[in-house]
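Working notes, structure below.
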Amino acid sequence: MKLRALACAAFLTLCSHAWSTVVWFDGQHAVSYTRQLKLSPVVEVALDMFNSDMMAVTGRKIENSGKGIIQIIELDQLSNKEFKKLSKQRLPYEQIIAKKETFYIGVHDRRIVVMGSDGRGTAYGILELSRLAGVSPWVWWGDVKPEHQNRLVMSDNFKTIQSPAVAWRGISLNNEDWSLRPWAHERMDTRLRKGDIGPRTYKKIFELLLRLRANMIWPASGEGTTAFARVKGNREVADSCDIVVGSSSRLPNDVAMSISDDNYGYLPRISEEPNERRKGGIGVCYHLSAQGQPHDYLWLSTTQPGLIYNEMRTAYDMGAKSMWIAEVHNPKVAAYGLSLFMDMAWNIEYVHANTVQEHLLAWLRQQFGKEVGDQLLPAMTEFYRLTGNRRPEFMGWSQVDLDKRTYDRGFSPVSNTEFDALAFGNELERYLADFQRIKKMVDNAEKNIRPELKDAFFAAIKYPVYGAAAMAVKHLEAQESRLLARPQSFHIDDEALESAARSINAYREIQQLTAHYNQKMAGGKWHNIMSMAPRALPVFSEPALPDRLNEEEIQKYGAPEKYQAKLKQGICIVRNACDYSAATTGVTPIEMLGHSMKAIALPKDGQMDFKFNIDKRGEAILRIATIPTNASNGGATRYAVSIDGENPQVISLNEPYRSDGWKQQVMRGQAVHSVRVYLGWGSHTLSIKALDPNIIVDQWMIDYEADRKFYLFPIQPALK
């Protein structure tokens, strides 16, 4: 009995120790901190931001006290006396002192210690405390107001040491800052000449970069760079936030080689040259929005998370560790994609091929809380699938800059899409039904939003989802109206009029959504920052209809449609690449990539096999959809397909930049190739083998109708 009592006492002691915490806000007293005498300017900026954060979370300003619960230490600014005192605290400063931009957070002697190797590291550490208190990096740019807390605690065994994976991390506002300038001129830097961005705007941008653990900005090339230098105060603000100002034409000295994607998220592969030979390392410029051929995407931010992950992870593994720059036209619009990009730049192991969706979930929870974040995950996953099928900006099936000489002319008109109402049970209506379904999920989630997060929810979730859905309705219903109508009978053709009226109402919905964004959201804080028609391209115009409708017709025929279309595969055999029967070592599914949402990356010589049965004999078309990745410098991107071990047919993905083939691939998000096959009755095995690196297979289909008109492979996505 005595032995049992002693064991119980020991267990309780261990449990008590395991659960002991340090309270850094008790609901009554302000969060207090102590600091060394000298700190870098960026640390002072971070402390000001932390003060604002604690005001939002606790309702009280932070207090500087010699007995503060939080101890701020910047190692490179310690005096000899302070350093001697520090060495007696038995803090692990040896682990970080020689590293750049590194911080440590841990509990020592009932205090929370934030210790940085330098100014940036210390600032990142302070703002990590804000994250731990529930403050999103998008607190200002996304209006993500943190939830009030009555108590903040930290486990006494909490410990983290963090340092960057990539040396230089930042954004470029190159030619994509068209929406930022009018807003900045009207709301932030009103005294500057039109087109200039001044210190008030840049201060907010730099604060966001600090929260995202970034350290560089490219304000723009040409006029943008000149404007940054011209405006008084810009340089001082950058220096105070320790943000390095560069440009695409003036790289940092320690970057020897810089590569850029093709403007659509697909990076050229770096050759296999050993990394140690590249003195200065490799930098990457990656577009989250772009202007130019084949078509701009400067409205919404819809690059699939899986594509961002795969391209940047591949670049990192091939040596791109010196600089990562994300091109954005507006950081507010690119919130999630930019967060993913910067999280990977900070810690490359933060996301893996099988945790991309998990990262999205964590971000949604960070913005809107666990309950709403969980509700939103299936909706936003589906959003990235549908916009990955076709970006909203590409729904007009039009192109820009066709004369290749200027950004101001050569636009092609809107034309009919490749979505076909006769294909696979009406793929056109099925696409619209999918958008309708995620709108309902968004509506249900909105009911549970804290009132103070309504604006954040509208900007990050509702506007892009509803806007993309309305763009699809506008173009696809207009197409239906054009196909149904006859010039002499349009105004008495109920079906054509219904499609036309729904198209008009979708266009008006985008107008209304944008007006709310610019005029009502956050009390007008974002006035003029959102345009529903960047560069006034044809895709954004009123729908192209057989004739104009009057208001009476629009009211009579424009009732919303409840889209319903059951998937019908017919006698086709269709598979997502992830549904393989067997695969060699190294075959990797990548979440949230491709039309399937789980495309499969094959290493060189990697192979997948698919078993299937067929009950029809004869000639068919085998269509294979891959992600349109690029080859290594001077290399090839080929794969081979064979059925039942017969002679393989080799397919090359190489397409010249800006060729018609390349344009179609980047707008579709897939490279589709076809080969003829002959099949007998019974069971068969399809084999797909990578002959070169960078082969990512998305879907395949065996179809007995060679000339079938369709856009989407008739199969449900792999990732729910």
Side-chain angles (χ1 to χ4, degrees), residues 179 295-302 333 383 386-387 389-400 411-419 421 428-429 431-436 438-439 442-443 458-459 462-485 490-491 493-521 528-563:
S179 66
H295 200 283
D296 305 2
Y297 57 109
L298 295 171
W299 181 37
L300 305 179
S301 183
T302 54
V333 176
F383 170 77
L386 296 175
T387 56
N389 291 163
R390 196 78 178 184
R391 291 186 192 265
E393 295 91 340
F394 301 166
M395 282 299 296
W397 255 255
S398 49
Q399 294 189 27
V400 303
F411 301 150
S412 67
V414 164
S415 61
N416 286 344
T417 76
E418 293 176 25
F419 285 92
L428 183 151
E429 284 207 5
Y431 187 70
L432 296 179
D434 287 342
F435 262 121
Q436 202 168 62
I438 65 172
K439 285 175 63 176
V442 166
D443 288 343
F458 183 87
K462 194 165 186 175
Y463 185 86
V465 169
Y466 271 60
M471 184 67 85
V473 172
K474 183 184 84 167
H475 284 288
L476 295 180
E477 287 285 18
Q479 172 178 308
E480 285 294 274
S481 180
R482 293 192 298 268
L483 293 175
L484 290 167
F490 173 57
H491 289 279
D493 186 332
D494 286 0
E495 195 174 359
L497 287 170
E498 287 170 359
S499 288
R502 285 194 288 266
S503 179
I504 292 171
N505 284 337
Y507 174 74
R508 290 178 175 180
E509 183 179 10
I510 297 173
Q511 288 180 310
Q512 293 161 3
L513 290 165
T514 307
H516 180 85
Y517 199 115
N518 285 329
Q519 298 169 20
K520 296 182 180 180
M521 191 175 70
N528 264 345
I529 203 167
M530 177 57 70
S531 169
M532 62 173 281
R535 292 215 295 157
L537 298 181
V539 69
F540 301 113
S541 301
E542 292 185 61
L545 300 172
D547 195 9
R548 297 192 67 84
L549 275 67
N550 59 43
E551 282 300 319
E552 184 179 349
E553 289 174 315
I554 295 170
Q555 293 298 320
K556 180 179 178 179
Y557 295 102
E561 175 75 347
K562 187 175 182 180
Y563 298 105

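Just so you know, residue 1 is the first one in the sequence shown, and it goes up from there.
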In this structure, CG of Leu386 is separated from CZ of Phe383 (nearest 0.5 Å) by 9.0 Å
Taking only distance into account, with no hydrogens and no angle test, what donor-acceptor pairs under 3.5 Å do side-chain atoms of residues 496-506 form with protein atoms, sequence neighbours excluded?
{"from": "Ser499", "atom 1": "OG", "to": "Glu477", "atom 2": "OE1", "distance (Å)": "2.9"}
{"from": "Arg502", "atom 1": "NE", "to": "Glu477", "atom 2": "OE2", "distance (Å)": "2.8"}
{"from": "Ser503", "atom 1": "OG", "to": "Lys474", "atom 2": "O", "distance (Å)": "2.7"}
{"from": "Asn505", "atom 1": "ND2", "to": "Gly558", "atom 2": "O", "distance (Å)": "3.1"}

Ala478 and Pro543 have their tightest heavy-atom pair at CB-CB, 4.0 Å
Residues Ala433 and Tyr563: closest non-hydrogen pair is CB-O, 3.4 Å
Closest heavy-atom pair, Ala459 versus Met521, reported as atoms and distance to 0.1 Å, is CB-SD, 3.8 Å
**Asked** Do Tyr466 and Lys439 have side-chain heavy atoms sitting under 4.5 Å apart?
**Response** yes
d(Thr417 OG1, Gln479 CD) to nearest 0.5 Å is 3.5 Å
Minimal heavy-atom distance between Pro392 and Trp299, with the atoms involved, is CB-CZ3, 3.9 Å
Practice prompt. Could you tell me whether a side-chain N or O of Tyr517 sits under 3.5 Å from a main-chain N or O of Ile529, the two making a donor and an acceptor?
Written response: no
Sorted by chain and number, sequence neighbours left out, ring-ring contact (aromatic ring centres under 6.0 Å, His included) with Tyr557 holds for none
Q) Checking Gln555 side chain against Glu552 main chain: does a donor-acceptor pair fall under 3.5 Å? A) no
(message) Do Glu429 and Glu480 make a side-chain contact, defined as non-hydrogen atoms from C-beta onward lying under 4.5 Å apart?
(response) no
Polar side-chain atom of Asn518 near backbone of Met530 as donor-acceptor pair, under 3.5 Å:
yes
Note: Arg390 and Met395 closest approach over all heavy atoms is CG-SD, 3.6 Å
Counting only heavy atoms not in Glu495, do more than 12 fall under 6.0 Å of its CD?
-> no
With side chains defined as the heavy atoms from C-beta onward, is the minimum distance between Glu393 and Asp296 less than 4.5 Å? no
Between His491 and Glu553, the two heavy atoms sitting closest are ND1-OE2, 2.8 Å
Quiz item: Quick one: does His475's side chain have a donor or acceptor within less than 3.5 Å of a partner on Val539's backbone?
Solution: yes
Rounded to the nearest 0.5 Å, the NZ atom of Lys562 sits from the CD atom of Gln436 at a distance of 8.0 Å
Does the side chain of Ser481 come within less than 4.5 Å of Phe490's, by heavy atoms? yes
Are the side chains of Ser301 and Pro464 in contact, using a 4.5 Å heavy-atom criterion?
no
- request: Compare all side-chain heavy atoms of Leu300 with those of Thr387 and state whether any distance is below 4.5 angstrom.
  value: no
In this structure, CZ of Phe394 is separated from CG of Asn389 (nearest 0.5 Å) by 13.0 Å
Output for pair (Leu549 CG, Ile554 CD1), nearest 0.5 Å, gives 5.5 Å
Hey, what's the ring geometry for Tyr431 with Phe419, parallel, tilted or perpendicular (30° and 60° as the breaks)? tilted
*asked:* Side chains of Glu561 and Leu432, heavy atoms from C-beta outward: is any pair under 4.5 Å?
replied: no
Using only heavy-atom distances, determine whether the side chains of Ser541 and Tyr507 contain a donor-acceptor pair under 3.5 Å.
no
- Hey, does Val473 have a side-chain heavy atom less than 4.5 Å from the side chain of Glu509? no
